[in-house]
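The next block holds one structure in the form of structure tokens; read it before the comments.
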Amino acid sequence: MNKNQITLDTPLQFIKGVGPKLGEILKKSSLLTVNDMIHRLPRAYQDNRRVVSFSDLSLDQQVIVQADIVKKSIIPLRSRNKRIYEILISDGSQIIPCKFFTLPYKNWFNSLRVGERVEVRGKVTLFRNRFTFNHPQLFPSSPEEEIKNQDLVLPLYSEIDSITQHKIRSIIKEIFTHLFLSDKDFEWLPAWLIKKYKLISRLKALKGVHFPDSKRIDDYLKFQTEFQKRLIFDEFFELQFYFALKNQGWKIGKADPIQINNEYVKEIQKNLVFDLTLAQKKVLKDIFSDLKSTYPMHRLLQGDVGCGKTVVALISALVCAKQGYQTAIMVPTEILAEQHYKNASHFLEPFGIKVEKLTGKMKPSQKRTVSGVLQSGFCQVCIGTHALIQENIQFNKLAFVVIDEQHRFGAHQRALLKSKGIHPHFLVMTATPIPRTLSMAIYGDLDVSVIDEMPKGRIPIVTRRVFPKKRKEVFDFLRDQVKTGRQAYVVYPLVEESEKLDLKNAMDQYEKLKNYYKDLKWGLLTGRMNSDEKKDIMNRFIKKEIQVLVSTTVIEVGVDVPNASVMVIENAERFGLSQLHQLRGRVGRGAYKSYCIVVLGERFSKESAERAYIMQSTLDGFKIAEKDLEIRGPGEFLGSRQSGLPSFRIANIIRDSKSLSLAKQSAFDLISKDPYLQKIEHQKIKDKFKELSTSIQPG
Ligand code: ADP
Ligand code: MG
């Protein structure tokens, strides 16, 4: 074999220009073989069109220039302590000053040497009739990094230790010069799919992304070349195929089909004090059609705060109970369990349905009683917290599992509850509106229903952004509202972090407000209280013994007090958009005009002021979610609340949302064509998903 011949498995240290030392460094970044390296895809492209020579400079242009440092000087200014750091650069014919009023870091200026080659990026300005750069980016450029004219566009890789971009590029170049493989060696998708979605070969795509063509620089920058598109598609396809397989796996388990008696459903609706919205009816239809089927339901119900998801779940539970089946509804907090329990008993008991509650804080004897009636089947609907997934809790005939505020639970917890029945129908609910693209990337295995309509008769909540100066007026307004019989919430960011950041914390402010507005009845609710204390406070708020409830974000989830009409959010800069929106949803639940006042603290950023403004300008949770996603990006948007966002090498769910839809469609398409992946042309896909695909074999 030719000494230069390399394969996908060749260890990187044997590549010319790498060697053992560099090989070790690469290994630390999980780059062991040729295959690893060529799949290290560029995360961006450098646009070198703007590298211009001094003679081509024009005013106000954003440019990159390369030149030598000819002089450094520190010029004192008249006002004491202030100085200008000036670096003169030259291309041999002309000299241009770069001026800095502050330094990026302490030794930066000293570290630059006269005679050194630098790259300067910035805007050309004029000072005393002379071109100048004010605060440009300035960094050393070694000769090897220097831009050749033909390299107008260069791939940028995410950092690998201390290795330069140039080195990464040259390793990849070396690999592709000696790697003789055909399109077929890289292909994993079947020919029909490649044809249908007009994809180019994977090998061509890999070469294309690593060695961009200068003529197509704009397409590259936008990730719109067929090369980038192919690899983006592959990444999404892999994810969506995983979802499709999982979905397929669920379908193999047979669920008990549940008969839907239309007369009964009508009767249930007659018993409600309101008419269901069209959106609620539509979602019920989705749910009923799932329940009737022998495939277990796996459905996500999305709907903005207050749109009425609970009643949809309860009606479905009632339908199941009528057929002798049990329902479990799991909620994240004791307060919520209590509230749902009250609602549910009130609504279901007239139909002869026994409802129970199960929470961690109940006495062991109480828990035993509940556990007994669940096991015997005497109780048909149980609402509870995590206590529901304890090992000793067993059901008689659990056919319907509902998870409320699903993002508060881990996948494991959801699975545990599901495992208490035999392939039960499974409904997860969330009040965090999630843009469609994002939900496709996270919940691709679930069917999605959306309640996109608020119950009639709700008066739109008035939202105002308020700057710190006007804080007093806010509380005077709150008092006036309370005096007319309403109630109010005042919410603060978490207590623990408060001291360091000098935030107003809930406890301090509670004391201050209480002493200032003595004529109001104040209450305090924080995460530090135990559940009895919390419950007691909540109950007193519900009974109107407390008029203003000061709290941390513990009230965020699901709480429903229709008489509360004012929500004041302090230090609003500390909350994300979606969270602000969640909090706002606590008011506007009754027949009264409601207000949400978003108060910024002393030190707010421009973005947080903008966030507050967005709150003021729309009530639409989906719009807010989209903005939030735009501002923070998918990772931050979901935050720690929600793991499960896959990380992509090249794909971006916002930029490439079209490709995501196509990939989803094609993945589910493939599964329905060949459910058990028996065709030869699907063998490579099957191998890739070995574990999952063997678990769904027929028979
Ligand atoms: P969420 O979707 O945020 O969980 P809830 O289920 O708590 O919302 O419902 C909020 C309030 O709206 C409850 O008081 C509920 O009784 C009421 N509600 C639900 N559906 C309707 C409707 N169609 N018309 C009027 N009020 C409704
Ligand atoms: Mg709810």
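Each ligand, and each atom within it, is numbered from 1 in the order the structure gives. It should be emphasised that the depicted structure is a prediction, and the values quoted were computed from it without experimental measurement.
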Sub-4.0 Å atoms of ligand 1 with respect to non-hydrogen atoms of [X]:
{"X": "C307", "value": "2 (O), 8 (O)"}
{"X": "T277", "value": "23 (N)"}
{"X": "V305", "value": "3 (O)"}
{"X": "R589", "value": "3 (O), 7 (O), 10 (C)"}

Should Q406 and D404 be marked as a side-chain hydrogen bond (donor to acceptor under 3.5 Å, both in side chains) after you check the CA-CA gap, both sets of side-chain angles, and the distance that decides it? CA-CA 5 Å; Q406 70 86 29; D404 194 13; over 6 Å; no
Hey, is K397 close enough to D256 for a salt bridge, meaning N to O under 4.0 Å?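 Looking at D256 together with K397, the answer is no, because their closest N to O distance does not fall below 4.0 Å.
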Would you say the rings of H423 and Y295 are close, in the sense that their centroids are separated by under 6.0 Å?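 Distance test on ring centres: not under 6.0 Å, no.
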Please confirm whether the ring centroid of F400 lies under 6.0 Å from the ring centroid of H425.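 For F400 and H425, the ring centres are not under 6.0 Å apart.
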Y341 side, atom OH; E334 side, atom CD - distance, nearest 0.5 Å: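 Those atoms lie 14.0 Å apart.
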Atom 4 (O) of ligand 1: which of L336, D404, T310 has the nearest heavy atom?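 Heavy atom nearest to atom 4 (O) of ligand 1 belongs to T310.
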Test of understanding: given a 4.0 Å heavy-atom threshold, classify the contact between M429 and ligand 1 as side chain, backbone, both, or neither.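 Neither; no heavy atom under 4.0 Å.
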Check for me whether A431 has a heavy atom closer than 4.0 Å to any atom of ligand 1.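 In this structure, A431 fails to qualify as a contact of ligand 1 - no heavy atom is under 4.0 Å.
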